[in-house]
Peer 1: 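Have a look at this one.
Hydrogens, waters and symmetry mates are skipped; everything else that's a heavy atom, side chains included, is used. Treat the numbers as computed from the prediction; the structure is a model and nothing was measured. Letters A, B, ... mirror the listed sequences (proteins, then strands); counts begin at 1.
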Protein chains: 2
Amino acid sequence: MELRHLRYFAAVAEERHFGRAAARLGIAQPPLSKQVQDLERELGFELFDRSRRPIELTAAGETLLEHARAALHAVEAGVHEARRAAEGRRGRISVGYPSSLAYCGLTDILRAFRKQAPDVTIRTQPLPSGGQIEGLLRGELHVGFVRGPLHEPSLVSEVVRRERLMLALPPDHPLTARKRLALRDVSREPFVFFPRDRGPAFFDFLVGFCRNAGFSPKVVQEASQVDVLSLVAAGFGVSIVPDSVREIRRDDIVLRPLLDSPVSELRLVWHRDNRSPAVARFIEVVRCVGVHPRRNRRRRAKRT
Amino acid sequence: MELRHLRYFAAVAEERHFGRAAARLGIAQPPLSKQVQDLERELGFELFDRSRRPIELTAAGETLLEHARAALHAVEAGVHEARRAAEGRRGRISVGYPSSLAYCGLTDILRAFRKQAPDVTIRTQPLPSGGQIEGLLRGELHVGFVRGPLHEPSLVSEVVRRERLMLALPPDHPLTARKRLALRDVSREPFVFFPRDRGPAFFDFLVGFCRNAGFSPKVVQEASQVDVLSLVAAGFGVSIVPDSVREIRRDDIVLRPLLDSPVSELRLVWHRDNRSPAVARFIEVVRCVGVHPRRNRRRRAKRT
DNA sequence: CATCACGATATCTTCGAGGTATGATGCGTG
DNA sequence: CACGCATCATACCTCGAAGATATCGTGATG
């Protein structure tokens, strides 16, 4: 038995007329009669009572019709769903991001993605760079946002944002008096950094930056991500943070641009041989809408 | 797209190997590859990632597989259900019966039928002969049990039980002294009958029987079915009832066989051009198990 | 009784499902 | 590194069957 038999049978059952059903199906009447006969022969019982006009379904035909419709519908729905999956509009993806990104750009990306692919379940996980790379390699994570360069051969990445580095100072620090600072101005200050293993690439990038400025930073405290800012605010030391931290808008922190700052790169990372169209679509969306630190707040302002 | 494509796709998806899937399907590997390719081309996206061993499903393939299984299952279930309908093991039938039959035979028939066709919903309706014939003609009733001959051209019937007629007497009636009675012995007694329109054939049969005995009965009360017995018990008059009434076993009634009684025929009736296999099966069951007045009680006795 | 409507049958053509032989490719092993 | 093996794709052929056209059988209708 083939779907053709069911389609033809359903057409005849609905039209209750072989001629009209054949016309609707775009074939001649004799082949239609034959196909239905073949189906009946295969099943071993009649589906139509042809002895009177208009023809009517037998009890078996009535029963089969319901199931045939269900089967045809399942096929149609299956094709539709599969197409959505192929287009990356259906499925589930797991996205890693540095917690700092939550405040500046991530929600915009998620919103844009959700608009294009409402049936994709997104699992977001705030993770330091190291954890993201680990997750990507283990296949638990599908895409991530990582700062600094990347050296994993099985991962692919793309710069999605370049931002200048800022100096984070406690409000009562003497240097807050100056609007413009260079890195060497803080060469003797105590530093607060995140632990190296949380993001070795970005960590090494920052330390290398200090080396170029002629000193190696005195790290007095280590804290993860956002906590760095709290330690700076509490006066433990200064720190170097990406420009986007401004979005957090804490008034217990003073941020000053670093004049001699190189740009820090935020990279979108995924597995080299990614097979998930949903992930591909996510990457496409990020490329399209970009990662704009301010977008979020402007929109909110417009809406209110 | 045909079921073949889905079956082949599902086989490959389950085996994750074209060769094994082809063996399972009983075809060679190249045609299988081609069919799956055709399906992919028609859909416009890939279902398998063939680039590594063993091959794996794409996201779209994974999605389609679920629906394909559902569709194939719906077809299988549909064929099975339709076959049951064709065999008369599925559906609904409406059975009419004279209320007297409830005590002697009907439950046995229903039990036997239920055993053969547990998925047929039976609607039983106690109805006088007239009502049954009306229902059969209107298509509301599918089979019935009627006493006496039948003259509707569009109905077919079959005798399922022949029984002698009995004289029903109140216990204090003088004739109860005699064991053996003929109809003419009660030619002057008052009679209790059911109204003629409740079963004209049986009514006329009874009256004709009296005529043959040389009198016409003095009907003093009319009552439907079982109520006749109550009126007899109350002493309103005598009545003529089928042998099977003995099954009711009322001790306020005395039954005496009529020596000159012709047999009364219980007929199974259905529509001439019945199309329902469930009805055909019901008729078959009645033919098979018969309508035995005593069967019911014997069985009950055996079980306890 | 002639006609019409409608499904079945007969016969032919063409397309494609499935067969065999072989090629392309990736992987493990001596 | 070469070789063999496993595995899927391609090439080509055959035959069955889906569908077209013409026609028949039959029940309903004026």
Peer 1: Determine whether a donor-acceptor pair (N or O, by modelled atom type, separation under 3.5 Å) exists between the side chain of B:Glu265 and the backbone of B:Arg161.
Peer 2: no
Peer 1: At less than 3.5 Å, do the side-chain atoms of B:Gln29 and the base atoms of D:dA9 form a donor-acceptor pair?
Peer 2: yes
Peer 1: Can A:Arg4 and A:Gln35 be counted as having a side-chain donor-acceptor contact under 3.5 angstrom?
Peer 2: yes
Peer 1: Okay, side chain of A:Ser94, backbone of A:His142: is any donor-acceptor separation there less than 3.5 Å?
Peer 2: no
Peer 1: Distances under 3.5 Å between protein N/O atoms and the N/O atoms of nucleotides 24-27 of chain C, please, pair by pair.
Peer 2:
none

Peer 1: Rounding to 10 degrees, work out the angle separating the end axes of the helix from C:dC1-D:dG30 to C:dG30-D:dC1 (five pairs an end).
Peer 2: 20°
Peer 1: Would you kindly give the CD-to-P distance between A:Glu2 and C:dA17, to the nearest whole Å?
Peer 2: 9 Å
Peer 1: For B:Pro30 and for B:Arg20, find the nucleotide of DNA chain D with the closest heavy atom, then tell me which residue's nucleotide is more 5'.
Peer 2: B:Arg20
Peer 1: Dump the pairs, protein N or O against N or O of nucleotides 16-19 of chain D, anything under 3.5 Å, distances to one decimal.
Peer 2:
| residue | atom | partner | partner atom | Å |
| --- | --- | --- | --- | --- |
| D:dA18 | OP1 | A:Arg4 | NH2 | 3.2 |
| D:dA18 | OP2 | A:Gln35 | NE2 | 2.9 |
| D:dA18 | O5' | A:Gln35 | NE2 | 3.2 |
| D:dG19 | OP1 | A:Tyr8 | OH | 2.9 |
| D:dG19 | OP2 | A:Tyr8 | OH | 3.1 |

Peer 1: Charged N to carboxylate O below 4.0 Å: is that the case for B:Arg24 and B:Glu15?
Peer 2: yes
Peer 1: Return no unless some side-chain N or O of B:Arg50 is found under 4.0 Å from OP1 or OP2 of D:dT7.
Peer 2: no
Peer 1: Please tell me which of the listed nucleotides, C:dA8, D:dA9, C:dG7, lies nearest to the side chain of B:Phe18?
Peer 2: D:dA9
Peer 1: Can you find a side chain N or O atom of B:Gln37 that sits less than 4.0 Å from OP1 or OP2 on D:dC8?
Peer 2: no
Peer 1: Going by atom types alone, do B:Ser276 and B:Asn274 pair a side-chain donor with an acceptor below 3.5 Å?
Peer 2: no
Peer 1: Ring pair (Phe, Tyr, Trp, His ring centres under 6.0 Å) between A:Phe282 and A:Phe113: does it pass, once the steps are laid out?
Peer 2: CA-CA 6 Å; A:Phe282 185 85; A:Phe113 183 74; 5.3 Å; yes
Peer 1: Roughly how many Å is it from NE2 in B:His17 to P in D:dC5, rounded to a whole number?
Peer 2: 16 Å
Peer 1: Are OP1 or OP2 of C:dA8 and a side-chain N or O of A:Ser33 less than 4.0 angstrom apart?
Peer 2: yes
